[in-house]
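Notes follow once the structure below has been shown.
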Amino acid sequence: MNSFEQEIASALEATGTFTADAALKLLSVPPDTTHGNFTIPCFSLAKTMRKAPKIIAEELAAQVKLPSGLSKVEAVNGYLNFFIDRGFLAKSTLDEVSAKGLEYGHAASNGKTVCIDFSSPNIGKELAFHHLRSTMIGNSLSRIYKAAGYKVERINHLGDWGTAFGKLIVMYLRENRPTDQETLDSLTVKELNILYASFSKISKENPGMEDEARAAFTKLEQGDEFYRKLWLAFRAATLKELMRIYDMMGVGFDHYTGESFFEDKIPAILDELREKNLMIKSQDLDVVMLDEFDLNPCLIRKSDGSTLYATRDLAAACYRKAEYNFDKCLYVVDLGQALHFKQVFHVLKKMGREWYKDMYHIPFGVILQMVDGKWEKGKTRTGTASLLRDVIDAAQKKILEFIDAKNPELENKELIAREIGISALTFNDLKNDRVKDVRFDWDAVMSFEGDTGPYVQNAHVRLCSILKKAGYTAALADVDYAQLTDDAAYELIKVLAKKGGKILAACEQDQPSVLAQYALEIAETAHKFIHEDRVLGSAEEKSRLFLVQCAQVVLENVLDLLGLFPIRQM
RNA sequence: GCGGAUGUAGCCCAACUGGAUAGAGCGUUUGGCUACGAACCAAAAGGCUCCAGGUUCGAGUCCUGGCACCCGCACCA
């Protein structure tokens, strides 16, 4: 598609009206197919040329020499519209899809590295539904960046360090639980989550417990062996369940470097801050002032000397730069933490790390839950958040009912039901602008009709089904492109041709929703094509079958980039 | 109070980054399976794009000021 734009631009340059660059800047895609494939609005030229836009467009239409592959140019109400020749588009697109396969539309390696920090849940708590957002947005972004030519480091910055562990330790000991290794090995996250919740509850009436927890964490941080044994057990128990769910969702990481990993890398950061006179005492704790950026101070150390969130993020950022030499470092974390990241990035700036400008917070809206008639941010602590595994189980169960009603003979139906369910939840999270808040409501989440994951997967399944039924593979040489110029085929081909541009746009904007909306476009045009153009047994069978093959490959890869399961049967 | 995000059809959202008649889905009404998968396709109804100004050939999109809702703001992460 890019080359069409280039060619139109140079053809326009040849008319002497403007430069190719200026033409490219004006060139856009009209909203309606009847206005062609590309358009130049001539309104902005009116002033300098001292002519009506309508006349300019008409003169250009008469002067411009049509590049090959374009069938028509026309002037309408001040717009100069270009039409691509349908057969030419079919040939150029399908040739390339068949040559590149699943990687059609991917960019060549750009030699750059991107670190993506995502999911990063807290140890000791069960995954709540809202963790799906960071996990699936990050998972999709890491696939998209790879397709856009980057080397990707997927990092799970586990919340495995901090006062929360002081709380768990205090609560565990308060309940007099056995601390022999065997008991510790058999701990589950569920128990830890309950422990955590009861701490919140009990500490409300016993204010001293918060201090106790802080003291316990300080002791842990200072290397107390018994506390460390407990901490390790809590961590292992959570990680086990975490891995089970990631595995189920098809999500993987290159590094599980949690906060505790940076424990021994913090002193160097503190030394540097002190050396550069950036750290001062304020209200009995160590902070870096950020007045010059209109930001609140960044808290580095508590009054008892133990570290905070920001401290560990500073150490992590420096470690990542040294270890991976990233060109970009992304943090897929909810919008509520925008201030925190601004603070951390600006401290890096003050430390003289020029690469602070390569750090990006990729925010997303929070999941709101109805609590006492009001929408609020759900909290694992107070138990108002729904658990991820409960939501997945419910989705799987509901999909299984669909399958039992429509295709009861399906093999592996439990697994497929789960894959459809997880994909549906994922798609629901990815299809809209990241930054919008999501109001969690069981009926909405469990609705699988219309613009949903199952709709997109169903399109893929139908394409696969035709391929299977055909029993052979159509060859490029058998295709008569003139047989693919009817509206349904043309619209589908036009959509397939957009893949590369969509991947780049999704990458530039850090927006998986660009690809999710694109997946809907593919599914819609594919459903329509299948519906209107009979493939098997038709006079155009081989040409149409080839188009089905191409559409299937494109859709499969787009599903994969979104982190959805590209299932072949449902 | 200060800062950030959002506001588009009854509901949930798009709108290719300033372009042509603002588009889908859900819900409502209606038509289409002896059919390559109907988890589909097609049609109808539904709009002062929160309000008030401004910028220009042109604004849902940019600027200013309000309003509503959500989220942050010193020892949680």
Side-chain angles (χ1 to χ4, degrees), chain A residues 26 28-32 35 39 41 43-44 46-47 52-53 76-79 81 120-122 159 161-164 167 210 213-214 259 282-287 294-304 306 308-310 312-313 333-340 342 363 365-366 368 374-377 381 399 402-403 405-407 420 428 431-433 435-439 441 444 447-452 454-455 457-459 461-470 498 501-502 505 509 513-514 517 520-521 524 527-528 530-538 544-545 548 569-570:
Chain A
L26 285 174
S28 61
V29 179
D32 189 334
H35 294 124
T39 189
F43 308 98
S44 58
K47 215 172 237 172
V76 183
N77 295 329
Y79 290 90
N81 296 334
S120 308
N122 291 328
W161 204 238
T163 312
K167 294 183 182 177
E210 293 279 351
R214 274 193 280 275
E259 295 190 277
S282 169
Q283 294 179 25
D284 210 25
L285 61 166
D286 294 315
V287 305
D294 266 331
L295 293 170
N296 292 340
C298 182
L299 275 47
I300 303 293
R301 279 209 305 181
K302 298 194 256 185
S303 45
D304 66 2
S306 57
L308 283 151
Y309 185 31
R312 301 190 281 268
D313 262 352
V333 182
D334 81 79
L335 187 59
Q337 296 187 46
L339 177 60
H340 163 75
K342 257 189 204 162
V366 294
L368 302 175
K374 265 192 80 180
W375 289 103
E376 297 182 352
K377 199 173 163 183
R381 206 179 315 166
I399 299 284
F402 271 82
I403 293 176
K406 292 169 198 241
N407 191 6
I420 296 172
N428 187 50
K431 88 174 162 187
N432 299 137
D433 189 339
V435 93
K436 299 211 182 208
D437 286 348
V438 177
R439 296 185 168 186
D441 144 40
S447 150
F448 303 129
E449 274 157 35
D451 284 353
T452 61
Y455 174 81
Q457 284 174 314
N458 182 38
V461 164
R462 289 179 73 190
L463 294 169
C464 288
S465 181
I466 293 175
L467 298 180
K468 194 175 165 194
K469 199 152 266 183
K498 290 198 271 192
K502 293 291 180 184
Q509 300 166 37
S513 67
V514 170
Q517 296 290 338
L520 284 173
E521 257 188 274
E524 196 182 317
H527 274 308
K528 199 163 179 174
I530 292 171
H531 189 258
E532 291 188 5
D533 289 359
R534 173 86 202 175
V535 178
L536 302 180
S538 70
R544 287 179 177 172
L545 187 62
V548 169
Q569 280 178 48
M570 65 196 280

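Because only heavy atoms are used, hydrogens play no part in the values below, and waters and symmetry mates are left out as well, while side chains stay in.
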Of A:Arg214 and A:Ala459, whose nearest nucleotide on RNA chain B comes first from the 5' end?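 Looking at RNA chain B, the more 5' nearest nucleotide goes with A:Ala459.
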
So which one's nearest nucleotide on RNA chain B is more toward 5', A:Val366 or A:Thr163?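 It is A:Val366 whose nearest nucleotide is closer to the 5' end.
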
Using 30° and 60° as the class limits, which term best fits the ring planes of A:His527 and A:Tyr455: parallel, tilted or perpendicular?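 A:His527 and A:Tyr455: tilted rings.
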
Any donor-acceptor pair under 3.5 Å joining the side chain of A:Ser282 to the base of B:rA74?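 Yes.
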
With hydrogens left out and only the distance checked, is there a donor-acceptor pair under 3.5 Å joining A:Asn81's side chain and the base of B:rA20?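 Yes, a donor-acceptor pair under 3.5 Å.
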
Just name whichever nucleotide pairs with B:rA42, Watson-Crick or G-U, keeping both distances under 3.5 Å, else none.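 The base-pairing partner of B:rA42, which may sit in any strand shown, is B:rU30.
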
Watson-Crick/G-U partner (both atom distances under 3.5 Å) of B:rA35: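 Its partner: none found.
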
Counting side-chain heavy atoms from C-beta on, which of [options] comes nearest to [X]?
X        : options                : answer
A:Asp437 : B:rC75, B:rC70, B:rC57 : B:rC70
A:Asn458 : B:rU56, B:rC75, B:rC40 : B:rC40
A:Lys302 : B:rC75, B:rA20, B:rC36 : B:rC75
A:Lys374 : B:rA35, B:rA20, B:rC70 : B:rC70
A:Asn122 : B:rC40, B:rA77, B:rC76 : B:rA77
A:Leu335 : B:rC36, B:rG4, B:rA39  : B:rG4

Using a cut-off of under 3.5 Å, enumerate the N/O to N/O pairs linking the protein to nucleotides 31-33 of chain B.
none

Tell me, for nucleotides 14-19 of chain B in 5' to 3' order, what letter each nucleotide earns: B for a base near a protein heavy atom under 4.0 Å, S for only sugar-phosphate near one, - for neither? S-BB-B

Would A:Phe402 count as stacking on B:rA39 if stacking means ring centres less than 5.5 angstrom apart and planes tilted under 30 degrees?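 Stacked: centres under 5.5 Å apart, planes under 30°.
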
Are the side chain of A:Gln517 and the backbone N or O of A:Lys431 linked by a donor-acceptor pair below 3.5 Å?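 A pair under 3.5 Å: yes.
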
